[in-house]
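For reference, the structure is listed below as structure tokens.
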Amino acid sequence: MKILVAEDETIMLKTIDFRLKKDGYEVFLAEDGQKALEKIEELSPDLIITDIMMPYASGLEIVGFVRKNKEKRIPIIILSAMGQEDVVLEAFGLGADDYITKPFSPNELSVRVKRLLSVTGR
Amino acid sequence: MPFLEVHPIQYLKTGYLVVAMFVLLGVLFSVVLFMLLYLLARKKREKQKERWHQPVDLLIRRAIFFEESPDRMQIPITPGVSRWLKRSYFRQFLLDEMITAKKSFSGNAAENLVRLYNQLRLERLSLTKLSSLKWHIRARCIQELAAMDQKDQVGKIYRLTNHPNEFIRMEAQSAIVHFYGFEGLRFLDVVSQPISEWQQIQLLAQLPKTLGAGLKGMESWLKSSNSSVISFALKLARIHRRFELHDAVAGCLDHHNPAVRIQALKCLQDICNETTATLIIGRYEKNDRLYRIAALETLQCMGPESAEQQIGFLQKELLNEDDTIKLATARVLATVSGRGTQSLDDFEKAGEYPWNEIIRQAKGEQTKSGKAA
């Protein structure tokens, strides 16, 4: 199962990477929005976890791109900061499936990934 | 001899010029040398940081996923990191990375980062900064202690909640509220320095959304000699709908600071009772234009029952020479269906400019908001 994580904070990225690998997923990392878009094209992941505020392309652009260009329905989890409720709503409007607000527990993220993958039958 | 034809003063001038040129060259050389050395040192530090990134990330990840067991009570530290830990520059780098991680994670992960901070005794590094003469270093120290939940240091931080430097004071107040929530607001009992509007917003954002068992002492804040404390207490009373503070809030309508009076109006709007409209209008005449406009806006928001009590006064205010006041008055009257709108229609100058425009706008707005509701 391939999971793409797009996040510009290195520690966060590596921690999520570590947690998801521990759960047995194949994890791919992107440090900015542009790299994330490239990897989506290249890998066609089974799930995407993306931050909202990233250089070059935002999390919203990623959600929009996936929903517009990918025939396969890829579940997307948004990582948002406190006070970004409006942006989260916008992301849902674009087709995001779930969100998690920073600060969050890596274990909670792991549970949400599992749940979302089982709900979407992956 | 030809050299005797040159005047000695000219020789002297040339000599000065040569010396000046050497001095200038010397200064220039020193500046270039200093810059080169500085850039070299910076580059070395950057390289060092790059080298440290991997072990630091690894240590932080280990900490985040650490699980205590009887044979493993402490987060394991590699010998390499232990060696580097002797260097304060490395400790600061590690601490900065830990704080960044702490902001992103909650639960066990965040607790483990605090555990690592305590295990490495990094509070000693933070505390050395507290005695610095530079305000930004002291402010950073408070930030670090708060981020790492160092409640043991609360005594040292609490003293800084009334510091003359605005930024130190802000960090200290935020830290205390971070540690204790509403209980942390006790510093309002003694703070004599102003709390900026920005800081008030920050503190309100930090506080829990619901007021727990009840916050005691708000009444004394509403009587504080510090206007910004009153202003903050009014905001708190408004957000948490403290109806029992109605009379104390109404008392602020007589405060010497106009900003406090306006804030009191806004607060009363949300905790109003049957006496509020009379209290507000009773102070109308002796106040300035800003209060008057705010009072009318408050009356509009308080609902038709409150406005209906003041119809006579409002009819008179329609004749006020200030167009903004005329419009604000018409808006209040338009909220009262029946008597209010009737008084707008019956107004002697309803057909004249600008009243005709004002009344049309007020009624239009009311219809729109009615439809929206």
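Below, chain A is the first sequence line, B the second, and so on; all start at residue 1.
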Query - Under 4.5 Å from a heavy atom of chain B, the part of Thr10(A) involved - result: side chain
Requested in this report: Could you tell me which portion of Phe65(B) (side chain, backbone, both or neither) has an atom closer than 4.5 angstrom to a non-hydrogen atom of chain A?
Outcome: side chain
Report summary line: Among Lys102(A), Glu108(A), Lys14(A), the residue with the most heavy-atom pairs under 4.5 Å to chain B is Lys14(A)
Query raised in the report: Would you say Tyr56(A) has more than 12 foreign heavy atoms packed within less than 6.0 Å of its OH?
Result: no
Report task. For Lys235(B), look at atom NZ and say whether over 12 heavy atoms of other residues, nucleotides or ligands are found less than 6.0 Å away. Result -> yes
Report summary line: dist Ile64(B):CD1 -> Arg19(A):CZ (nearest 0.5 Å) comes out at 12.0 Å
Query - Between Glu9(A) and Thr100(B), a side-chain donor and acceptor under 3.5 Å - result: no
Query raised in the report: Would the number of heavy atoms belonging to other residues, nucleotides or ligands and lying under 6.0 Å from CZ of Arg67(A) be above 12?
Result: yes
Report summary line: For Ser106(B) and Ser105(A) the tightest heavy-atom approach is OG-N, 3.2 Å
Query raised in the report: How far does CZ of Phe105(B) sit from CG of Asn107(A), to the nearest 0.5 angstrom?
Result: 10.5 Å
Query raised in the report: Minimum heavy-atom separation for Met12(A) to Ser104(B), with atom names?
Result: SD-CB, 3.3 Å
Query raised in the report: Between CZ of Arg61(B) and CG of Asp17(A), what distance do you get to the nearest 0.5 Å?
Result: 7.0 Å
Query raised in the report: What do you reckon, is CZ of Phe187(B) surrounded by more than 12 foreign heavy atoms closer than 6.0 Å?
Result: yes
